[in-house]
Student: 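Here's a structure for you.
A note on names: the letters A, B, ... follow the listed sequences, proteins ahead of strands, and every chain is numbered from 1. Note that the structure is a prediction, hence the values are computed from the model and not measured.
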2 protein chains.
Amino acid sequence: MKQQAVFKALADPTRRAILKRLHGGAMSAGEIGAAFDITGASLSHHFAVLKQADLVRTERRGQYIVYSLNSTVMEDLTRMVLDLIPSSGGKGSKR
Amino acid sequence: MKQQAVFKALADPTRRAILKRLHGGAMSAGEIGAAFDITGASLSHHFAVLKQADLVRTERRGQYIVYSLNSTVMEDLTRMVLDLIPSSGGKGSKR
DNA sequence: ACTTTATTTAGACATTTGTCTAAATATCTA
DNA sequence: TAGATATTTAGACAAATGTCTAAATAAAGT
């Protein structure tokens, strides 16, 4: 599974901000990057990490590359976290 | 808030395993460490990271130091993650 | 008081991470 | 085709991370 990749991806504040930025819907790399004070190259690196964790999807739209949240993996994330917490009804609740 | 510290702490698989190990209740550092193939010093480092994130509590019990989950912060964690996911009723659902 | 057991601290070291600049690739438009 | 715009890739570099060994601290049992 991609558990490790997902948690690693979430460990960086810029990447968490990118995910939040995508709540409103799909955006191009440039639009997302406008909110951050780092180079496009650094942004692209963060996108790669998010993509590897399968947290975002990409689609080329002409000149642009459009990013969107992968809600499936987002749900997996919820499960992963709940699994970390006791008494959540998950595998962890070994009573 | 400790958001960054919490996500950083969760980024390491050993630390996530430690948290899971504590589901069953409080355990001494040594008991926890028995499950891992790293030195006590490395374990201690992981404990420090978890403590800084306020994910665990410590209490000296004679010769031992006993660790337990801090369920308050665990709940905060849930909120943080849900906040990362759209349409979860949190701040993110700006509609 | 000494010894043993449990845990942390200090310091070193290799690996990973986040950032940058410069160059490459892809697409659009004149 | 040439030039402009958007994004990624390659390579470098400092800082952070996870690990180790050795030494320090704390409590318990003789």
Student: Can you check the B:Phe47 CZ to D:dG18 C1' distance for me, whole Å?
Tutor: 15 Å
Student: Which heavy atom in A:Arg15 sits nearest to a heavy atom in A:Ala9, and how many Å separate them?
Tutor: NE-O, 2.8 Å
Student: Which pair of non-hydrogen atoms, one from A:Pro86 and one from B:His23, has the smallest distance, and what is that distance?
Tutor: N-NE2, 3.8 Å
Student: What is the minimum heavy-atom distance between B:Ala11 and A:Lys8, and which atoms define it?
Tutor: O-CE, 3.9 Å
Student: May I have the distance from B:Gln52 (atom CD) to D:dG18 (atom P), rounded to whole angstrom?
Tutor: 12 Å
Student: How long is the span from the CD1 atom in A:Ile18 to the NE2 atom in A:His46, to the nearest 0.5 Å?
Tutor: 6.0 Å
Student: May I have the list of side-chain donor-acceptor pairs in residues 49-75 of chain B shorter than 3.5 Å, sequence neighbours left out?
Tutor:
unit_1  : atom_1 : unit_2  : atom_2 : d
B:Arg60 : NH1    : B:Gly62 : O      : 3.1
B:Asn70 : OD1    : B:Thr72 : N      : 3.2
B:Asn70 : ND2    : B:Asp54 : O      : 3.0

Student: Give the B/S/- string for nucleotides 11-17 of chain C, one per nucleotide from 5' to 3', where a protein heavy atom under 4.0 Å of the base yields B, of only the sugar-phosphate yields S, and otherwise -.
Tutor: ------S
Student: Can you tell if the side chain of A:Asp76 reaches within under 4.5 Å of the side chain of A:Val6, non-hydrogen atoms only?
Tutor: no
Student: Take the C1' atoms of the five end pairs on each side of the helix from C:dA1-D:dT30 to C:dA30-D:dT1, derive the two axes, and give their angle rounded to 10 degrees.
Tutor: 10°
Student: Expressed as a whole number of angstroms, how long is the span from A:Ile18:CD1 to D:dT7:P?
Tutor: 13 Å
Student: Could you tell me the separation between the CG atom of A:Leu22 and the NZ atom of A:Lys20, rounded to the nearest 0.5 Å?
Tutor: 12.5 Å
Student: Could I get the full list of side-chain hydrogen bond (donor to acceptor under 3.5 Å, both in side chains) partners for A:Arg21, not counting sequence neighbours?
Tutor: none
Student: Could you tell me how far apart A:His46 (NE2) and D:dT7 (P) are, to the nearest whole angstrom?
Tutor: 16 Å
Student: Let me have the donor-acceptor pairs involving side chains of residues 38-45 of chain A, under 3.5 Å, with sequence neighbours excluded, atom names and distances please.
Tutor:
unit_1  : atom_1 : unit_2  : atom_2 : d
A:Thr39 : OG1    : A:Ser42 : N      : 3.2
A:Thr39 : OG1    : A:Ser42 : OG     : 3.2

Student: Can you list, by residue number, the residues of residues 26-44 of chain B that have a non-hydrogen atom closer than 4.0 angstrom to DNA chain C?
Tutor: B:Ser28, B:Ala29, B:Gly30, B:Gly40, B:Ala41, B:Ser44
Student: Are any side-chain N or O atoms of A:Gln3 and backbone N or O atoms of A:Leu77, one a donor and one an acceptor, separated by less than 3.5 Å?
Tutor: no
Student: Identify, residue by residue, the members of residues 53-71 of chain B with a heavy atom below 4.0 Å from DNA chain C, and return them in order of residue number, or none.
Tutor: B:Gln63, B:Tyr64, B:Ile65, B:Tyr67
Student: Between B:Asp83 and B:Arg79, is there a side-chain heavy-atom distance shorter than 4.5 Å?
Tutor: no
Student: Do A:Leu10 and B:Val81 come within less than 4.5 Å of each other through their side chains, counting heavy atoms only?
Tutor: no
